[in-house]
Amino acid sequence: MIELERAAYSYGGGELFTDVTLTLAPGSFHFLTGPSGAGKTTLLKLCYGELIATAGHVRLFGENTRKMDRDRIAMNRRRIGVVHQDCQFLDHLPISENVALPLTVAGRSEEADAYLGELLAWVGLTRQAQQLPPELSGGERQRAALARAIILSPDVILADEPTGNIDWEMSQRLLSLLVELNKLGKTVLVATHDMALIRAAKAQISARVLRLKDRKIQAAEVDL
Amino acid sequence: MIELERAAYSYGGGELFTDVTLTLAPGSFHFLTGPSGAGKTTLLKLCYGELIATAGHVRLFGENTRKMDRDRIAMNRRRIGVVHQDCQFLDHLPISENVALPLTVAGRSEEADAYLGELLAWVGLTRQAQQLPPELSGGERQRAALARAIILSPDVILADEPTGNIDWEMSQRLLSLLVELNKLGKTVLVATHDMALIRAAKAQISARVLRLKDRKIQAAEVDL
Amino acid sequence: MSLRERIGSSVALLAGDKQADRAVPPTGFTARLTVFTSAAMAFLAVFVLALSLTAGRVADRWTEQLAQTSTLRISAPDGQIDAQVRAALRVLETTPGVAGARALSDEEQRALLAPWFGPDLPVESLPIPRLIEITETDGGYDTTGLRARLQAEVPGALLDDHARWRAPLVKAAERLRALGFAAVILIAGATAAMITLAAQAALAANAQVIRVMRLVGAKDSYIAGAFVRRFTLRAFFGSTVGVAVSGVAVWLLPELDVAGGILEGIGLSGAEWLWIAAIPILASVVAFAATRAAALRTLGRHS
Amino acid sequence: MSLRERIGSSVALLAGDKQADRAVPPTGFTARLTVFTSAAMAFLAVFVLALSLTAGRVADRWTEQLAQTSTLRISAPDGQIDAQVRAALRVLETTPGVAGARALSDEEQRALLAPWFGPDLPVESLPIPRLIEITETDGGYDTTGLRARLQAEVPGALLDDHARWRAPLVKAAERLRALGFAAVILIAGATAAMITLAAQAALAANAQVIRVMRLVGAKDSYIAGAFVRRFTLRAFFGSTVGVAVSGVAVWLLPELDVAGGILEGIGLSGAEWLWIAAIPILASVVAFAATRAAALRTLGRHS
Ligand SMILES: Nc1ncnc2c1ncn2[C@@H]1O[C@H](COP(=O)(O)OP(=O)(O)OP(=O)(O)O)[C@@H](O)[C@H]1O
Ligand SMILES: Nc1ncnc2c1ncn2[C@@H]1O[C@H](COP(=O)(O)OP(=O)(O)OP(=O)(O)O)[C@@H](O)[C@H]1O
Ligand SMILES: [Mg+2]
Ligand SMILES: [Mg+2]
């Protein structure tokens with residue numbers, strides 16, 4: 001699905017990471033950890049084409065992001081559900097419409113009715129469906145962002161710190177949603193600091209844990 | 001310092017919580033937990049006068065917030081350091097100026113030089129001091145927000161989920177900063193989901209843990 | 001892109017869909033600013049256009065009526081006068097730049113003098129001069145040359161190009177028209193600039209909307225379309241209101257047609273109203289182009 | 001708040017401090033929009049003001065020169081004419097609304113007729129009528145009543161208020177002046193509205209700045225001050241540029257002073273330049289008031 005080949009990225013200063021080679025095979029489940037500021041968010045942005053690697057190659061569904069034009073990237077985004085670290089919404093539309101936005105943009109808004117209610121119920125936002133995003137609590141916004149990321153039933157789900165503001169029980173619930181989707185064949189990558197969450201996931205599914213540190217990526221089974 | 005007396009708040013729908021009576025005595029250390037959407041952020045907003053209780057009374061430094069005018073609230077804010085859940089900055093100013101902003105607003109910008117560098121080093125942002133806020137990682141922003149909250153050396157520190165995006169080691173570091181300040185006599189209230197953080201704190205200091213659930217606040221020593 | 005494709009994609013952009021439009025916050029100060037600016041500028045444009053067109057008509061009429069006549073006055077003893085008039089007419093016939101010349105009849109001379117002496121002046125019995133009216137061609141004749149020839153051949157003749165003093169008036173009216181059109185162009189330019197800036201302000205204020213839309217896989221044209229439609233409609237709406245209000249105001253201005261025809265009413269007539277009706281369309285085209293350019297530029301920047 | 005305090009706090013707001021100013025993002029499209037709008041509107045205002053003031057001067061001059069004179073023409077057999085002139089002057093002396101009346105001398109009559117008959121007309125020997133020039137008071141006399149009295153007492157008199165045909169011209173010039181001033185007021189209003197809307201757009205776009213400033217304990221006046229100073233300076237700067245450019249343009253307009261004084265050059269003279277110089281100050285005051293109101297309103301809303 002997504003392949004990084006000796007990818008590096010730099011915001012202008014020194015390189016944040018170099019030589020990152022990584023393949024997210026279809027149906028795989030990865031966690032990405034690492035200290036704050038290591039470059040986890042940056043790596044995720046490479047994976048969905050918001051940033052282009054400064055060295056090496058990133059391939060989405062077999063296509064090199066460096067060679068895609070902007071419309072092509074937009075089309076590929078519809079196959080990738082992204083949960084941003086700072087969840088952003090259209091602040092003038094209610095949560096239900098925000099969550100259904102990927103369907104709307106893809107011209108498939110009629111599908112929303114069937115699925116939306118169930119999804120909102122799962123993430124515990126049924127009561128808040130008609131509230132505007134600024135009227136939600138931090139954790140509620142994160143859950144809405146996750147719902148928005150998966151409503152298109154994308155092939156790949158990239159979640160950046162999806163449970164940072166969410167209590168333990170709800171985190172479990174969201175995790176089991178991701179596990180469920182993974183079992184349906186979706187590729188999942190979750191960047192998180194929450195070791196407890198990783199441990200809980202590993203009890204349910206065979207997930208690989210990647211650790212980004214000192215400009216390198218390593219498998220990090222050990223420190224759990 | 002801050003007293004809530006049978007305070008309640010409602011955003012227009014049902015009441016989020018009722019009959020909350022709570023005293024943050026000088027030099028005390030409190031944690032506030034509770035499920036996502038329970039009203040932790042709302043309770044904190046009552047404590048620094050951004051919201052006014054819909055029933056009951058909230059007193060800051062002995063003054064009822066309902067009777068303060070806007071300038072009075074502004075003056076009181078300088079005695080309360082707040083870490084917002086979604087850290088917001090002046091996006092056009094570098095982090096160093098953002099962190100020093102409370103000093104600037106209070107007309108004490110000359111004091112910045114002495115203290116700012118040390119503070120930035122403690123939260124690990126020395127390298128990022130000249131970056132703009134949108135160029136920071138999520139965890140870096142949270143650390144900058146904490147630095148901004150304490151630069152005025154306020155009497156009270158209210159932190160809303162200050163470690164949601166921060167790795168374990170850095171969380172420990174920030175916690176020890178708060179513990180240090182508490183030992184200097186500052187009053188601290190931290191809203192968090194991170195039970196490990198609470199456990200770590202209780203090893204260092206006598207902190208009370210409050211749990212907001214089902215519209216009530218309870219002491220929650222038990223579930224640790 | 002070929003012109004045909006360009007127009008096609010522009011039309012598609014305008015047709016758009018309701019769903020995309022909801023992505024852009026419905027109102028806001030830049031919205032009101034755009035509507036208001038379009039309205040105010042359209043209002044001013046109509047005002048100035050009306051002034052300018054009126055000045056143009058005045059200039060035309062004055063040019064027609066006045067610019068090209070002058071008078072030859074012949075004073076001579078009673079017996080010689082007719083001979084001298086004939087001689088003068090002969091001279092004028094052969095003068096380049098003179099389109100025609102004819103002696104005024106007694107009645108015409110009497111009418112000319114009536115304001116001063118009443119209608120009963122005994123023109124026939126008075127030793128008053130005869131007047132010859134000269135019509136010039138467009139180029140006009142050489143005054144000095146004609147004076148010299150007349151002095152030689154018709155000693156009693158005196159050339160008075162009195163009508164020429166009105167030429168500066170014509171020039172003034174024409175300058176007024178030119179100034180008016182310059183002001184209209186200025187207004188159009190200022191409107192375009194203001195709408196562009198308002199559109200850019202809206203785009204800057206909606207940076208988050210753009211980020212979210214990109215995140216969920218919206219194409220540039222989809223996002224741009226929502227903004228462009230918004231602004232084009234606002235400009236059209238605003239300028240229509242402005243034009244309507246000022247049109248009514250101009251139309252209500254009392255007619256003012258002075259007998260002398262020196263000054264006309266400030267107003268519009270016939271086909272000139274079409275100019276006015278074109279303003280909202282022009283405003284929309286300007287808004288469309290300005291917003292589209294601004295939107296695509298902004299979207300390009302947001303990587 | 002007393003007026004004194006108000007002015008004091010306004011001055012304090014304008015004086016401000018550099019630190020507070022840094023809180024508001026330094027540039028942006030609303031900034032450019034404000035500067036540009038101020039400049040364009042000031043330019044237009046000068047333009048229209050120049051037109052309007054010129055029209056006013058023309059109206060004044062025409063009024064002075066023309067509106068308050070009329071002529072009495074007395075035709076009578078040679079012997080009676082002097083008696084009738086004296087009788088007419090007596091009648092006029094006692095007519096309310098007549099400020100003065102005097103018979104024209106032979107030279108004056110000759111000068112009047114010169115354009116038509118040349119300078120050598122033997123006025124003395126001709127049976128032409130005598131002219132009496134009447135100066136009216138501001139109110140003017142009752143034409144019908146005067147006609148009736150003259151008919152009874154001076155049979156050969158004919159009242160010609162010929163000069164009155166120019167009254168509509170005066171009216172037209174005055175209307176042009178009024179329209180011009182209306183346009184200036186319109187421009188001022190539109191500018192105020194645009195600056196207000198631009199300020200509100202800026203405030204809306206900077207909602208986060210306001211939130212952050214409040215969070216760190218900034219008072220409303222501190223936050224508002226940063227915006228108000230910004231916008232006042234922008235409006236002042238923009239309108240100064242606009243006024244300067246259009247002032248130079250107007251000043252460069254070629255002088256156009258027709259001999260007849262019917263139309264003057266479009267331009268400004270003397271004290272009128274002061275009006276123009278006042279525009280930037282007015283624009284700043286408008287911007288100050290508009291932004292201050294908008295800022296305090298916005299701040300009030302952000303609870
Ligand atoms: N636009 C930018 N310009 C310059 N530097 C940037 C920019 N964005 C991020 N950085 C820097 O790159 C580093 C990595 O940022 P990134 O957001 O990828 O970290 P992260 O691993 O997601 O951290 P966190 O766990 O705190 O979210 C940070 O030190 C940050 O300061
Ligand atoms: N402005 C608002 N208007 C209406 N409802 C609101 C508003 N702000 C918050 N709420 C609702 O009030 C409830 C409590 O919100 P609050 O932000 O206090 O929760 P919280 O305990 O901080 O949650 P979290 O742990 O997710 O941050 C939520 O259900 C939210 O939807
Ligand atoms: Mg991150
Ligand atoms: Mg919260």
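The chains referred to below are lettered A, B, ... by the order of the sequence lines, with proteins before strands, and numbering in each begins at 1.
- The most heavy-atom pairs under 4.5 Å with chain A, out of B/Met170, B/Glu135, B/Arg143, come from B/Arg143.
- When each of B/Gly13, B/Ser137, B/Gly139, B/Ser36 is scored by its heavy-atom pairs under 4.5 Å with chain A, the top score falls to B/Ser36.
- With a threshold of 4.5 angstrom between heavy atoms, B/Asn165 approaches chain A through its backbone and through its side chain.
- Taking the side chain as every heavy atom from C-beta outward, B/Pro133 and B/Asn98 approach each other to under 4.5 Å.
- With no hydrogens or angles considered, a side-chain donor-acceptor pair links B/Ser153 and B/Lys186 at under 3.5 Å.
- Between chain B and the residues A/Thr41, A/Ile166, A/Asp160, the largest count of heavy-atom pairs under 4.5 Å involves A/Ile166.
- The aromatic rings of B/Phe29 and B/Phe31 lie tilted to each other, with the angle between the two planes from 30° to 60°.
- For the side chain to side chain contact (heavy atoms under 4.5 Å, CB included) test, residues two or more places apart in sequence or in another chain that qualify with B/Gln128 are B/Leu125, B/Gln131, B/Leu136, B/Glu140.
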